[in-house]
Amino acid sequence: MRQSTPRFPDGAASRMVLIGCSDFEDIDLPAIPAVKSNLADLHSALTDQTHGILPPEHCRVLADPADHRSVGMALAQAAREAEDLLLVYYTGHGLLDEDGLLHLALSSTDPGHVGFTGVPADLVKRYLGRARARLRILVLDCCFSGRAVAAMTESGSLLTAQLDVSGTYTLTSTTATAPSHAPPGQRHTAFTAGLLDALNQPEPLTLDGIHQHIDTLLQGAGLPRPQRRSVNAAGDIALVRGPVQPQAGPQTGNGGEIRFRQQPPDPPANRLRDTVMYVLMLAVLVALGALFEGVYATLITVAGMAFFLGLVLLLLLLRRDVSYDLVVNGDGLATEHRTHSAHVPWKDVECVGVLRRAPGTVLVPNVLIVRLKADAPRPTGFHKRLNRCLPDQRYVIAGMLGTYGADPMRLRSAIEHFAGGIYRTDQQLLEIDPRLR
């Protein structure tokens, strides 16, 4: 779909309020570390000196607000001052009360008393409705608890019904705190990662174009699709004037590659703790042996010491720092692990994508698969066990995304950056070859 010519708001007459909660007092609301980066990088993009649309002082950030007062004052002030554009963004937990009404969680929110301790979406709607700005934009990147996910699934129309405001353009995400939506170690939640990626396109996207871009990324990654709601609002507004460079994405080695790396799961402090634990266990065994008398006691003590010392040495050997790297660059796709590496050049690739599970399996999720050109040689060095389940020699599985800590959307962006339009979604791959099921 060809997007319309974007219209840029008047920065001096526009206001934005970015609200996010990453840490919560109630243990039933898990922390969402990515929220901090969501706020910081979105603020940086929208107020970028070169391509942002408004000065930093017109974009207010509320990080981990604990009470309604701070949120209400910020919304009220922005609503009074905005004449052209008013944008309100929230990232954190979205909770439903007993009547199915959406509330935005604050750091002090009690899930058992959402109506009294959360911010009702209806309240935000009223502030937007009172604003004199010509265009109001509401962006919700809410991570729901398991209970709220079920409730939203059963009454999915409640959300959009609560957010109807004349002249308002609404983008919503139903992302949960499950790893597929806010992967541990990733800088952003899935929805906001897609939003930032949309703001970093070569040409500025309109609101409709931003929605379409996020929808394509999330659908291709097998995640819930974002919702769009427009009530007498123009979808031709752009939020940036050109590509910004948010601090998003995977680790980079140099300007010519993008590197995804799974950090070792066990920090040195934990290894030291385990070593001390095994030494103490050994000391206990020696003490028990000392309670016995004779040759048998000596043999038991010596054998026990040898066994546990060997076990400690083996544990330390297995827990050396190990990294698993997935490298995407102008030459092709490569994996690196210790001294082993594998590589497939783009010139040999017909298409590449991520299958939600490896062919013929149910326990191997999110595999990166490459379909080779008919005359291309088969590369070696990739995971042998995974590649045994492939239908023929034209396919190569590079590995599981979790092994490399690779976010599906960022991986897709990296592939498209270096190799063009060869990326295929899970559904497209299965349509090409049903044997991949």
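Using modelled atom types, one side-chain atom of Q428 and one backbone atom of T425 make a donor-acceptor pair closer than 3.5 Å. Checked by atom type and distance alone, the side chain of N38 never pairs as donor or acceptor with a backbone atom of H188 at under 3.5 Å.
Side chains of S22 and D64: a donor-acceptor N/O pair is present below 3.5 angstrom, by distance only. One side chain, T189 or D141, offers a donor N or O that lies under 3.5 Å from an acceptor on the other. Side-chain atoms of Y89 and T192 form a donor-acceptor pair, as typed in the model, at a separation below 3.5 Å.
Counting all heavy atoms, side chain and backbone alike, E431 lies closest to P434 at O-CD, 4.4 Å. Across all their heavy atoms, V17 and A78 have their closest contact at CG2-CB, 3.6 Å. Nearest approach of L196 to A45, heavy atoms of both residues: CD2-CB, 4.3 Å. Here the closest non-hydrogen pair linking A406 and L326 is CB-CD2, 4.5 Å. Of all heavy-atom pairs between I32 and G92, the closest is CD1-C, 3.9 Å. Closest non-hydrogen pair, V328 versus F260, comes out as CG2-CE1, 4.3 Å.
Look at D348 and K373 and you find no salt bridge, because none of the NZ, NE, NH1 or NH2 atoms lies under 4.0 Å from a carboxylate O. Taking 4.0 Å as the cut-off between side-chain N and carboxylate O, E83 and R132 count as a salt-bridged pair. E336 has a carboxylate O that lies under 4.0 Å from a charged side-chain N of R259, or vice versa, which qualifies the two as a salt bridge. Of the charged side-chain nitrogens involved, at least one lies within less than 4.0 Å of a carboxylate oxygen, so that R394 and E350 count as a salt-bridged pair. Checked for salt-bridge contact, K36 and D41 miss the test: no charged N lies under 4.0 Å from a carboxylate O.
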| task | Please lay out, stage by stage, how I415 and V352 fare under the test side chain to side chain contact (heavy atoms under 4.5 Å, CB included). | result | CA-CA 9 Å; I415 293 172; V352 61; 3.7 Å; yes

| said: Is there a side chain to side chain contact (heavy atoms under 4.5 Å, CB included) between I214 and F191? Walk through the geometry before answering. | reply: CA-CA 7 Å; I214 300 174; F191 175 83; 4.0 Å; yes

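Note that CD1 of I210 is 10.0 Å distant from CD of Q201, once rounded to the nearest 0.5 Å. Taken from CG in L390 to CD1 in I397, the straight-line distance is 4.5 Å, to the nearest 0.5 Å. The distance from the CG atom of D23 to the OG atom of S108 is 12.5 Å, given to the nearest 0.5 Å. Between atom CG of residue L123 and atom CG of residue L75 there is a gap of 7.5 Å, rounded to the nearest 0.5 Å. Considering CD of Q427 and CG of L430, their distance stands at 8.0 Å, rounded to 0.5 Å.
Residues V396 and P379 are in side-chain contact: their nearest non-hydrogen atoms beyond the backbone lie under 4.5 Å apart. Two residues are said to be in side-chain contact when any heavy atoms from C-beta on lie closer than 4.5 Å; V124 and L138 meet this criterion. For the pair V354 and D426, the minimum side-chain heavy-atom distance is 4.5 Å or more. Using a 4.5 Å heavy-atom cutoff, the side chains of L205 and H213 are in contact. Residues V35 and C21 are not in side-chain contact: their nearest non-hydrogen atoms beyond the backbone lie 4.5 Å or more apart. The shortest distance between side-chain heavy atoms of T117 and H103 does not fall below 4.5 Å.
The cationic atom of R241 (NZ for Lys, CZ for Arg) lies less than 6.0 Å from the six-membered ring centre of F8 and within 45° of the ring axis.
Partner D392 forms a salt bridge (Lys or Arg N to Asp or Glu O under 4.0 Å) with one of R378, R435, R371 and no other, that one being R435.
Counting non-hydrogen atoms of other residues, nucleotides and ligands closer than 6.0 Å to CD of E57 gives a total above 12.
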